[in-house]
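To start, the structure itself, in structure tokens.
Chain naming here is simple, since letters A, B, ... match the order of the sequence lines and numbering starts at 1 in each.
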Amino acid sequence: MLDINLVRTQPELVRQALINRSADTAVVDAVQALDIRRREILTQSEQLRAQRNSASREIGKMKDAAARETRIAGMREVGDRIAVLEAELKQVDLQLDEQAMSIPNMPDARTPVGLSEDENVILRNEGSVHRFDFIPKPHWELGPYLGIIDFERGVKLSGTRFYVLNGLGARLQRALIAWMLDLHAGQGYHEAYLPFMVKQQTLYAAGQLPKFKDNLYHDVEEDFWMVPTAEVPLTNLHGGEILAMNALPLHYCAYTPCFRREKMKAGSDVRGIKRGHQFDKVEMYKLCAPEQSDEELESMREDAEAVCRGLGLAYRVKLLCTSDIGFSARMTYDIEVWAPGCDEWLEVSSVSNCGDFQARRANIRFRREPGAKPEFVHTLNGSGLALPRTMIAIMENYQQADGSIMVPEVLQRFVGANVIRK
RNA sequence: GGAGAGAUGCCAGAGUGGUUGAAUGGGACGGUCUCGAAAACCGUUGUGGGGAUUUUUCCUCACCGUGAGUUCGAAUCUCACUCUCUCCGCCA
């Protein structure tokens, strides 16, 4: 949620930000009009209330019954007028909220303006791409060959885009989760185990609703929504709280499965485990004071890169342009690892600074010193990393001519093997 | 799932339908006293919206779990919901 004051005082700035995001600007006019009407109603109804409050106080002290009755009758009418105004206010508030909630965050000045993902900027390539003296196979061939990925049975259980991991395949994923969490703990992140189902309000606060309703799974009988990312519960962990300055920055990491109803084009990304309705992810999350968030973003990107480096994967860092950053983000780095079998770069992490956008929705504040006015914190999130794509990169980069897969050194003690072979 | 109890400020805990934003106690902060500290005493101690003034303040409205209702007036009365606790049942 943007500061309504920004829309009020600098609507042009907001409009330009929406244009840069390739989004419709009509919402700005709607918010402006509703905001003006809201304040009109407020002024009127508050005047009436003040009048009623003082009259009621006097009525309480009146002794003369007849005069008292006259006064009460007069106030009855004032009460009716208030009721009418309140009813309209409720409507206006509702609409204003809905409109204001649908405005995405203002991009940071450093986020390049661009009309599509083609205008994202590749900042760096890190690590050397592994050269093979044979043609590397894609993971959707290696997995079934080694018996560690079973696509058929996944489909049997749950339909297309589901799979089963077997034996060392399942173990490799578990090893990655454990290793990543340990790594992040060493980087100063506090590990949390979170609910995988949350209530609707929690999704609004994180910026997933109302815009991405179509991409979420939820129970129709109860107010339970499956988390699309650990970012959602992590954003709300301190919702409604006022934190002490010396508690900041807060660094969290968490492993959760993620559930996404993806409206995918038939035929796109269908092969393998790159994109599914359910996947695992280790997430990093930070809450900090506004002046800290630029620096925290860089260190979080660094922490995500450390995962790729630890696994010995070649990767590149992208700075997303205005049209490609997420709804809640003001600036985002993507980290992509090279997958020689699929022959493409895979996005394994997205590291974003959301500024006070989520904090405003979730009402997360802090006090610089006891007694000081509460201010909104800044929030940041980043994957560290998405599991299936990391699995793909490991399988395809560490494959050998005979179809076996070497286990990256850091994972060996978790997997309990140096190599996965048939 | 069944039965009961409860939800008030940072915490504990009062609150006859009418100056109750809310007694009292504790904590925290400031001050007096002291060489210093403790004790004692005095004072301060919420959030959000709107308006005026503009960098200092003032006025006003809302908020006592949430949402409706009754009333001239609700922390206080009515209803629904949520959550917490205790007991019973069930369960990994």
Of the candidates B:C72, B:G48, B:G49, the side chain of A:Leu42 sits closest to B:G49
Nearest whole angstrom, please: distance from the P of B:C63 to the CZ of A:Arg49.
7 Å
Heavy atoms from C-beta onward define the side chain here; which of B:G18, B:G49, B:G50 lies closest to that of A:Glu46?
B:G49
Side-chain N or O of A:Lys199 closer than 4.0 Å to phosphate OP1/OP2 of B:U82:
no
Any carboxylate oxygen within less than 4.0 angstrom of a Lys/Arg side-chain nitrogen, looking at A:Glu344 and A:Lys274?
yes
State whether A:Arg367 places a side-chain N or O below 4.0 Å from either non-bridging phosphate oxygen (OP1 or OP2) of B:U47.
yes
Parallel, tilted or perpendicular, judged at 30° and 60°: which one describes the rings of A:Phe196 and A:Tyr255?
perpendicular
What is the distance from CD of A:Glu241 to P of B:U47, rounded to the nearest Å?
16 Å
Expressed as a whole number of angstroms, how long is the span from A:Glu86:CD to B:G67:C1'?
15 Å
For A:Glu77 and B:G73, what is the distance between atoms CD and P respectively, to the nearest whole Å?
13 Å
Pairwise P distance for B:A12 and B:U44, with rounding to whole Å:
24 Å
CD1 of A:Ile36 versus P of B:G49: gap in Å, rounded?
18 Å
Given atom CG of A:Asp223 and atom C1' of B:U82, what is their separation to the nearest angstrom?
11 Å
Atom-pair distance (CZ on A:Arg38; P on B:G51), nearest Å
9 Å
When the C1' atoms of B:U34 and B:U16 are considered, how many whole Å apart are they?
48 Å
Rounding to 0.5 Å, atoms CD1 (A:Ile394) and CG (A:Leu172) come to a distance of 5.0 Å
Can you tell me if A:Asn53 touches the phosphate of B:C61, counting only side-chain N or O atoms and a distance under 4.0 Å to OP1 or OP2?
yes
C1' atoms of B:G48 and B:C64, separation to the nearest Å:
16 Å
How would you label the contact of A:Arg360 with the nucleic acid (heavy atoms, under 4.0 Å): base, sugar-phosphate, or nothing?
nothing
Between A:His378 and A:Phe366, does the ring centre distance come in under 6.0 Å?
no
